[in-house]
Amino acid sequence: GQRRRTTMTPASGRLSRCQAPGMARRMACLVYEGLLLFGVVMGAGLVYGVATDQRNAMEGTWGLRAAVFLVLGAYFVWFWTRHGQTLAMRTWHLKLVTTDGQSIGHARAVSRYLLSWIWVLPALAGLHFSGAMGSAPAALALCAGVLLYAALAGLRRDRQFWHDAFCGTRLVLVPPADKPVPTQAT
């Protein structure tokens with residue numbers, strides 16, 4: 001049969017109980033989010049380097065990783081609890097809500113952030129324990145891990161990601177708000 005999608009109508013603000021947005025849209029949003037986060041991570045690295053007077057990139061790497069982890073957590077938690085959407089999610093018309101369609105609170109947002117690391121941790125652990133070095137094996141392992149995890153959503157009837165199921169959240173499709181039609185000046 002035809003797949004139904006979860007939508008929120010701007011007029012009513014109510015969510016229908018349907019399936020998740022398409023996987024292609026969610027993966028495109030993930031890629032765009034990664035592009036945006038590149039700037040966030042670079043900014044965090046700059047601030048960390050200046051604050052710790054870091055002179056060598058090989059020193060203080062665990063502190064930098066912890067700082068980036070916290071900055072990324074703050075980014076996601078802030079956007080998810082304020083708007084239900086990160087900047088990339090707004091662009092792709094996705095919104096994060098509870099399973100009953102409500103806005104999510106801080107505890108749920110933190111839980112989702114922590115559990116979302118399941119996207120990359122298995123691949124990173126595999127790289128570490130295999131001894132594979134270089135950017136090509138890392139990129140291949142991360143892409144394979146992300147695609148495998150995304151495919152696991154197909155095992156769920158509602159097509160939501162597993163970390164969303166554990167956190168009591170879901171992604172929904174939000175149609176763009178009607179834009180006013182420009183009038184011509186006379």
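Note that the structure is predicted; figures quoted are calculated from it, not measured. Counting begins at 1 with the first residue of the sequence. In what follows, every heavy atom counts, from backbone to side chain, and hydrogens, waters and symmetry copies are set aside.
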Review point. Does the Ser130 side chain pair with the main chain of Leu127, one donor and one acceptor, at a distance under 3.5 Å?
Key: yes
Check your understanding: Would Arg170 count as a cation-pi partner of Phe161, with NZ or CZ less than 6.0 Å from the six-membered ring centre and within 45° of the ring normal?
Key -> no
Review point. Quick one: OG1 on Thr91 to OH on Tyr32, what's the gap to the nearest 0.5 Å?
Key: 4.5 Å
**Study point:** Which residues share a side chain to side chain contact (heavy atoms under 4.5 Å, CB included) with Leu155, sequence neighbours left out
**Key:** Leu152, Trp162
Point to revise | CZ on Arg82 to OG on Ser103, rounded to 0.5 Å | key: 12.0 Å
Review point. What are the two closest non-hydrogen atoms of Ala123 and Ala141, and how far apart are they?
Key: CB-O, 3.4 Å
Review point. Linking I/L/V/M/F/W/Y whenever their side-chain heavy atoms sit closer than 4.5 Å, directly or via other members, would Trp119 and Val31 fall into one cluster?
Key: no
Point to revise | Side-chain donor or acceptor of Arg112 paired with backbone N/O of Cys167 under 3.5 Å | key: no
Exercise for review: Drop me the distance from Trp92's CH2 to Met27's CE, to the nearest 0.5 angstrom.
Suggested key: 11.5 Å
Review point. Quick one: are Phe166 and Ile118 in side-chain contact, heavy atoms under 4.5 Å?
Key: no
**Study point:** Distance in Å, Ser116 OG paired with Leu121 CG, rounded so as to fall on 0.5 Å steps
**Key:** 9.0 Å
Point to revise | Student check: side-chain heavy atoms of Leu96 and Thr86 closer than 4.5 Å | key: no
Check your understanding: Should Val120 and Met133 be regarded as members of a common hydrophobic cluster, given that ILVMFWY residues are connected when their side-chain heavy atoms come within less than 4.5 Å of each other, either directly or indirectly?
Key -> no
Point to revise | Val40 side chain reached by Val71 side chain, heavy atoms, under 4.5 Å | key: yes
Review point. Would you say the side chain of Gln102 lies within less than 4.5 Å of the side chain of Arg108, judging by non-hydrogen atoms?
Key: no
Exercise for review: Tell me whether the centres of the aromatic rings in Tyr113 and Trp80 are closer together than 6.0 Å.
Suggested key: no
Check your understanding: Got Met89 and Leu171 here, is their nearest side-chain heavy-atom distance under 4.5 Å?
Key -> yes
Check your understanding: About how many Å separate OG1 of Thr61 and OH of Tyr48, when rounded to the nearest 0.5 Å?
Key -> 8.0 Å
Practice item. Show the numbers, then the answer: is there a ring pair (Phe, Tyr, Trp, His ring centres under 6.0 Å) between Trp78 and His83? Key: CA-CA 8 Å; Trp78 189 82; His83 311 289; 5.8 Å; yes
Check your understanding: Given Thr169, which of Val97, Ile104, Thr99, Leu115 fulfils the side-chain contact (heavy atoms from CB on, under 4.5 Å) condition?
Key -> Ile104
**Study point:** side-chain contact (heavy atoms from CB on, under 4.5 Å) between Phe38 and Glu33, intermediate numbers included
**Key:** CA-CA 9 Å; Phe38 181 78; Glu33 193 79 70; over 6 Å; no
Exercise for review: State which residues pass side-chain hydrogen bond (donor to acceptor under 3.5 Å, both in side chains) with Thr81; sequence neighbours excluded, sorted by chain then number.
Suggested key: none
Check your understanding: Hey, any chance Leu35 and Val146 share a hydrophobic cluster, counting ILVMFWY side chains that come within less than 4.5 Å of each other, even indirectly?
Key -> yes
**Study point:** Residue pairs, two or more places apart or on separate chains, that pass side-chain hydrogen bond (donor to acceptor under 3.5 Å, both in side chains) and touch residues 139-156
**Key:** Tyr149-His163, Arg156-Asp158
Review point. Under the 3.5 angstrom rule, does the side chain of Gln54 hit a backbone N or O of Gly60 as a donor-acceptor pair?
Key: no
Practice item. Taking the side chain as every heavy atom from C-beta outward, state whether Pro175 and His93 have any pair of such atoms under 4.5 Å apart. Key: no
Point to revise | Within-4.5 Å side-chain heavy-atom neighbours: Arg25 and Leu94 | key: yes
Check your understanding: Heavy atoms, side chains only, cut-off 4.5 Å: are Leu114 and Phe69 in contact?
Key -> yes
Review point. Roughly how far, to the nearest 0.5 Å, is CG of Leu124 from CZ of Phe129?
Key: 11.0 Å
